[in-house]
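Just the heavy atoms: all of them, side chains too, but no hydrogens, waters or symmetry mates, feed the values below.
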Amino acid sequence: QVQLVESGGGLVQAGGSLRLSCAASGRTFSTYAVGWFRQAPGKDREFVAVISWSGTSTYYADSVKGRFTISRDNAKKTVYLQMNSLKPEDTAVYYCAGHRGLYGGSYYDTDDRRAQFDSWGQGTQVTVSS
(Lines give C-alpha, C1' and ligand atoms only; values in the text may rest on other atoms or scores of the structure.)
Protein backbone atom coordinates (compact mmCIF):
# COMPACT_ATOMS: atom_id res chain seq x y z
CA GLN A 1 0.00 0.00 0.00
CA VAL A 2 0.96 3.62 -0.41
CA GLN A 3 0.77 6.19 2.34
CA LEU A 4 -0.77 9.52 1.40
CA VAL A 5 -0.43 12.96 2.99
CA GLU A 6 -2.51 15.97 1.94
CA SER A 7 -1.46 19.60 2.19
CA GLY A 8 -2.39 22.99 0.81
CA GLY A 9 -5.69 23.62 2.51
CA GLY A 10 -6.60 26.96 4.03
CA LEU A 11 -9.00 29.86 4.14
CA VAL A 12 -9.89 31.63 0.91
CA GLN A 13 -12.58 34.05 -0.23
CA ALA A 14 -15.26 33.01 -2.66
CA GLY A 15 -13.95 33.21 -6.21
CA GLY A 16 -10.42 32.48 -5.11
CA SER A 17 -8.14 29.53 -5.77
CA LEU A 18 -6.21 26.89 -3.86
CA ARG A 19 -3.99 24.01 -4.91
CA LEU A 20 -4.04 20.87 -2.82
CA SER A 21 -1.22 18.34 -2.90
CA CYS A 22 -1.28 14.65 -2.10
CA ALA A 23 2.21 13.28 -1.50
CA ALA A 24 2.74 9.53 -1.57
CA SER A 25 5.32 7.16 -0.22
CA GLY A 26 5.83 3.67 -1.54
CA ARG A 27 7.40 2.22 -4.64
CA THR A 28 4.13 1.25 -6.35
CA PHE A 29 2.56 4.72 -6.51
CA SER A 30 2.59 4.76 -10.30
CA THR A 31 0.18 1.79 -10.35
CA TYR A 32 -2.43 3.60 -8.25
CA ALA A 33 -5.35 5.69 -9.33
CA VAL A 34 -5.77 8.60 -6.93
CA GLY A 35 -9.00 10.28 -6.04
CA TRP A 36 -9.97 13.38 -4.11
CA PHE A 37 -12.98 13.28 -1.82
CA ARG A 38 -14.42 15.80 0.60
CA GLN A 39 -16.60 15.84 3.67
CA ALA A 40 -18.44 18.86 4.96
CA PRO A 41 -19.71 19.05 8.56
CA GLY A 42 -22.82 16.97 9.01
CA LYS A 43 -22.65 15.55 5.50
CA ASP A 44 -21.51 12.31 3.95
CA ARG A 45 -18.17 12.09 2.22
CA GLU A 46 -18.48 12.85 -1.47
CA PHE A 47 -16.39 12.19 -4.51
CA VAL A 48 -14.61 15.14 -6.15
CA ALA A 49 -12.21 13.89 -8.85
CA VAL A 50 -10.00 10.97 -9.82
CA ILE A 51 -6.93 10.54 -12.00
CA SER A 52 -5.77 7.28 -13.51
CA TRP A 53 -2.47 5.59 -12.69
CA SER A 54 -0.91 7.02 -15.88
CA GLY A 55 -2.30 10.51 -15.49
CA THR A 56 -3.90 10.37 -18.93
CA SER A 57 -7.48 9.94 -17.78
CA THR A 58 -9.57 11.92 -15.31
CA TYR A 59 -13.14 12.01 -14.06
CA TYR A 60 -14.93 14.75 -12.10
CA ALA A 61 -18.03 15.22 -10.06
CA ASP A 62 -20.51 17.48 -11.81
CA SER A 63 -20.30 19.98 -8.95
CA VAL A 64 -16.65 20.76 -9.66
CA LYS A 65 -16.39 20.16 -13.39
CA GLY A 66 -14.85 23.17 -15.12
CA ARG A 67 -13.56 24.64 -11.84
CA PHE A 68 -11.24 21.95 -10.47
CA THR A 69 -8.36 20.20 -12.23
CA ILE A 70 -6.65 17.04 -11.03
CA SER A 71 -3.12 16.20 -12.17
CA ARG A 72 -0.21 14.04 -11.10
CA ASP A 73 3.56 13.87 -11.29
CA ASN A 74 4.63 10.26 -10.83
CA ALA A 75 8.30 11.22 -10.61
CA LYS A 76 7.45 13.34 -7.57
CA LYS A 77 4.85 10.85 -6.33
CA THR A 78 2.37 13.68 -5.98
CA VAL A 79 -1.18 14.35 -7.10
CA TYR A 80 -2.58 17.87 -7.25
CA LEU A 81 -6.04 19.36 -7.13
CA GLN A 82 -6.19 22.88 -8.54
CA MET A 83 -9.36 24.52 -7.31
CA ASN A 84 -10.54 27.72 -9.00
CA SER A 85 -13.68 29.82 -8.64
CA LEU A 86 -14.20 28.46 -5.17
CA LYS A 87 -17.64 28.68 -3.58
CA PRO A 88 -18.69 28.55 0.08
CA GLU A 89 -20.25 25.15 -0.61
CA ASP A 90 -16.76 23.82 -1.41
CA THR A 91 -15.91 24.15 2.28
CA ALA A 92 -14.95 20.72 3.59
CA VAL A 93 -12.12 18.49 4.69
CA TYR A 94 -10.48 17.19 1.54
CA TYR A 95 -8.99 13.72 1.43
CA CYS A 96 -6.94 11.94 -1.18
CA ALA A 97 -7.13 8.19 -1.54
CA GLY A 98 -5.48 5.51 -3.64
CA HIS A 99 -6.67 2.41 -5.45
CA ARG A 100 -4.18 0.07 -7.04
CA GLY A 101 -5.41 -0.63 -10.53
CA LEU A 102 -4.63 0.15 -14.16
CA TYR A 103 -8.03 1.68 -14.94
CA GLY A 104 -9.03 4.85 -16.67
CA GLY A 105 -10.60 7.66 -14.71
CA SER A 106 -14.11 6.94 -15.95
CA TYR A 107 -13.94 3.46 -14.40
CA TYR A 108 -14.68 5.20 -11.11
CA ASP A 109 -18.02 6.59 -12.22
CA THR A 110 -20.09 4.73 -9.61
CA ASP A 111 -20.12 4.71 -5.82
CA ASP A 112 -19.45 0.96 -5.83
CA ARG A 113 -16.23 1.38 -7.76
CA ARG A 114 -15.17 4.42 -5.74
CA ALA A 115 -15.60 2.29 -2.62
CA GLN A 116 -12.46 0.43 -3.76
CA PHE A 117 -10.22 3.29 -2.67
CA ASP A 118 -8.44 1.90 0.36
CA SER A 119 -5.41 4.08 1.10
CA TRP A 120 -6.53 7.30 2.71
CA GLY A 121 -4.73 10.43 3.85
CA GLN A 122 -5.56 12.35 7.01
CA GLY A 123 -7.29 15.23 5.22
CA THR A 124 -6.76 18.97 4.82
CA GLN A 125 -9.31 21.66 5.66
CA VAL A 126 -10.56 24.01 2.96
CA THR A 127 -12.73 26.92 4.05
CA VAL A 128 -14.30 29.30 1.55
CA SER A 129 -15.74 32.50 2.97
CA SER A 130 -18.56 34.40 1.30
Side-chain angles (χ1 to χ4, degrees):
Q1 271 194 337
V2 294
Q3 287 74 50
L4 303 174
V5 178
E6 304 93 336
S7 62
L11 174 64
V12 64
Q13 288 189 329
S17 298
L18 280 175
R19 189 177 80 158
L20 305 184
S21 297
C22 173
S25 60
R27 289 184 292 178
T28 58
F29 174 71
S30 62
T31 64
Y32 277 72
V34 175
W36 284 96
F37 298 78
R38 65 188 182 186
Q39 188 166 20
K43 295 188 176 181
D44 292 336
R45 186 174 62 200
E46 66 171 349
F47 165 76
V48 175
V50 61
I51 189 164
S52 64
W53 62 280
S54 63
T56 59
S57 178
T58 59
Y59 185 79
Y60 295 91
D62 287 343
S63 59
V64 306
K65 203 172 295 183
R67 299 188 298 123
F68 291 10
T69 303
I70 189 170
S71 61
R72 70 188 293 161
D73 184 335
N74 282 345
K76 295 183 177 180
K77 296 184 180 180
T78 303
V79 172
Y80 305 98
L81 185 69
Q82 178 67 43
M83 306 186 295
N84 298 330
S85 302
L86 282 162
K87 304 175 181 179
E89 51 264 43
D90 294 318
T91 295
V93 177
Y94 283 70
Y95 301 88
C96 62
H99 173 238
R100 191 171 188 182
L102 305 182
Y103 305 106
S106 60
Y107 170 83
Y108 300 97
D109 62 349
T110 66
D111 288 339
D112 284 349
R113 290 182 174 174
R114 292 193 284 265
Q116 296 178 77
F117 283 92
D118 58 5
S119 300
W120 290 86
Q122 84 290 346
T124 186
Q125 176 71 47
V126 172
T127 303
V128 184
S129 63
S130 57

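Pairs of residues two or more places apart, or lying in two chains, that qualify as ring pair (Phe, Tyr, Trp, His ring centres under 6.0 Å) and include a residue from residues 5-45 are Phe37-Phe47, Phe37-Phe117, Phe37-Trp120.
Side chains of Tyr94 and Arg38: a donor-acceptor N/O pair is present below 3.5 angstrom, by distance only. Defined by atom type and a distance below 3.5 Å, a donor-acceptor pair is present between the side-chain atoms of Arg100 and Thr31. In summary, the side chains of Ser30 and Asn74 do not present any donor paired with an acceptor at a separation below 3.5 Å, with no hydrogens or angles considered.
Scanning for side-chain contact (heavy atoms from CB on, under 4.5 Å) contacts around Gln116 gives His99, Tyr107, Arg113, with sequence neighbours left out.
Put simply, OH on Tyr80 and CG on Asp73 are 5.5 Å apart, with the number rounded to the nearest 0.5 Å. Atoms OG and CG, from Ser119 and Leu4 in turn, are 6.0 Å apart once rounded to the nearest 0.5 Å. How far CZ of Phe68 is from CG of Leu81: 6.0 Å, rounded to the nearest 0.5 Å.
What you find for Ser85 and Ser17 is that their closest heavy atoms are N-OG, 4.4 Å. Shown here for Val34 and Cys22, the closest heavy-atom pair between the two residues is CG1-SG, 4.4 Å. Across all their heavy atoms, Leu86 and Met83 have their closest contact at CD2-CB, 3.8 Å.
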The test is side chain to side chain donor-acceptor pair (under 3.5 Å); show your working for Gln13 and Ser129 and say whether it passes.
CA-CA 5 Å; Gln13 288 189 329; Ser129 63; 5.0 Å; no

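Annotation: Lys65, atom NZ; neighbour count of heavy atoms from other residues, nucleotides and ligands within 6.0 Å is above 12.
For the pair Arg114 and Tyr108, the NZ or CZ position fails the cation-pi test of under 6.0 Å to the six-membered ring centre and within 45 degrees of the ring normal.
Note on Leu20 and Val2: same hydrophobic cluster, where clusters join Ile, Leu, Val, Met, Phe, Trp and Tyr whose side-chain heavy atoms are under 4.5 Å apart, directly or indirectly.
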